Amino acid sequence: MGNFINTEICLKCKNCFEICPCHIFGINTNNEIYFIPEREHICVKCGQCMAICSSSAVKIESLSYEKDFTEMPENIVDFDKFNNFISTRRSIRNFKNKEISKDVINKILSSIHYAPYGSSPEKMNITVVNNRKIIESSLPLIADFLDNIVKWVDSPFMSFMIKRKKGIETFNTIKNHLYPISKAGNYKLKFGDRITRNAPAIIIIHADKGAEEHTHNALIYATYIMLSAHSLGLGATVIGLVPAAINKVKEVREIYKIPEENEAVISVIIGYPKYKFKRIIKRNLQKIDWIE
Ligand SMILES: Cc1cc2nc3c(=O)[nH]c(=O)nc-3n(C[C@H](O)[C@H](O)[C@H](O)COP(=O)(O)O)c2cc1C
């Protein structure tokens, strides 16, 4: 392996040894750090060893100090600022009729550079659809798909198949959440676009169906995208309907150019918010059990 420790400049602080999640560092009898040859292959290339090294002595083969790292900023947010920031984010479903520049979308996406990942982030795929006409062309197909959901849940055989093929979580989401909404005719296009909410752009996160931890990674990426959009004065909403339609309806997949072997996990609509919220919503979103 091309991993390398420059022992001439290493300060022997052992920070890399302590923080490595894969424990690929050893300490020899001269108190020098080395890569344990038989463990190097389990390195997840997270870069933490290089990020913590004061003398830039550690080098992971595929990472470069110049390209993959930047200096630590001075003023990292404190709790109050962080709390103000996350508590003022809202799912935005009403947008100004204003396009988003590619630069702004790239800025939003750049937050993903800093996201945690379960495994194999290189297998994650993001498709940016910054074209309202293309989004609109998918809506009749998605609306039909949502109509079909009512028929499927009403059919005991189809319900059984969904449960069996997609699992109980997806089935319950469909039956208890989507079914009543679709049955009420909510997504019919005569009411307007209640699927992508007239958003000028949608970001779809997808990956090969077998890619390690891709579902979890995608949801974290979507969260970063949403928060990043908020920091730039844009609004965003996580949309589960679009990926569900992509996975089920070939024509929707084709419109969004999602490769056949990929599973769409989640999507995020973005745009400039039309309205400004006047207060924060504080919800009880979880049951917390303490074990002390
Ligand atoms: C996994 C997931 C899927 C979602 N799918 C949709 C969706 O398809 N359509 C929609 O309008 N909102 C969707 N949302 C947004 C939630 O409904 C939203 O977070 C909720 O209304 C709370 O509002 P807030 O984000 O302003 O706190 C989804 C959120 C998550 C986490």
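Note that the structure is predicted; figures quoted are calculated from it, not measured. Both ligands and their constituent atoms are indexed starting at 1 by order of listing.
Where the criterion is an N or O separation shorter than 3.5 Å, residue side chain and backbone included, T237 fails it with respect to ligand 1. Polar contact with ligand 1: present for G240 (N/O pair, distance under 3.5 Å). Taking distance alone, with nitrogen or oxygen atoms compared against 3.5 Å, L219 stays at or beyond that limit from ligand 1.
Among all protein heavy atoms, the one lying closest to atom 27 (O) of ligand 1 is R90 NH2, 2.6 Å. Protein heavy atom at the shortest distance from atom 23 (O) of ligand 1 is R283 NH2, 3.4 Å. In terms of protein heavy-atom proximity, atom 9 (N) of ligand 1 is closest to I239 CD1, 3.4 Å. Closest to atom 1 (C) of ligand 1 among all protein heavy atoms lies I266 CD1, 4.0 Å. Ranking the protein heavy atoms by distance from atom 12 (N) of ligand 1 puts R93 NH2, 3.1 Å first. From the protein, the heavy atom lying nearest to atom 2 (C) of ligand 1 is V238 CG1, 3.6 Å.
Crowding of E8 atom CD: a count of heavy atoms from other residues, nucleotides or ligands under 6.0 Å not exceeding 12.
Ligand 1 lies nowhere less than 4.0 angstrom from a heavy atom belonging to R194.
Nearest heavy-atom pair, R93 versus T237, reported as atom, atom and distance to 0.1 Å: CG-OG1, 3.9 Å.
Among S91, S267, A244, the residue whose heavy atom sits closest to atom 18 (C) of ligand 1 is S91.
For Y272 and F95, the gap between ring centers reaches or exceeds 6.0 Å.
With salt bridges taken as basic N to acidic carboxylate O contacts below 4.0 Å, one links R132 and D193.
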Notebook entry, point to check: Is there a side-chain contact (heavy atoms from CB on, under 4.5 Å) between I203 and T127 once you walk through the steps?
Noted result: CA-CA 6 Å; I203 298 171; T127 297; over 6 Å; no

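Close approach of ligand 1 to R89 (heavy-atom distance below 4.0 Å) involves ligand atoms 24 (P), 25 (O), 27 (O).
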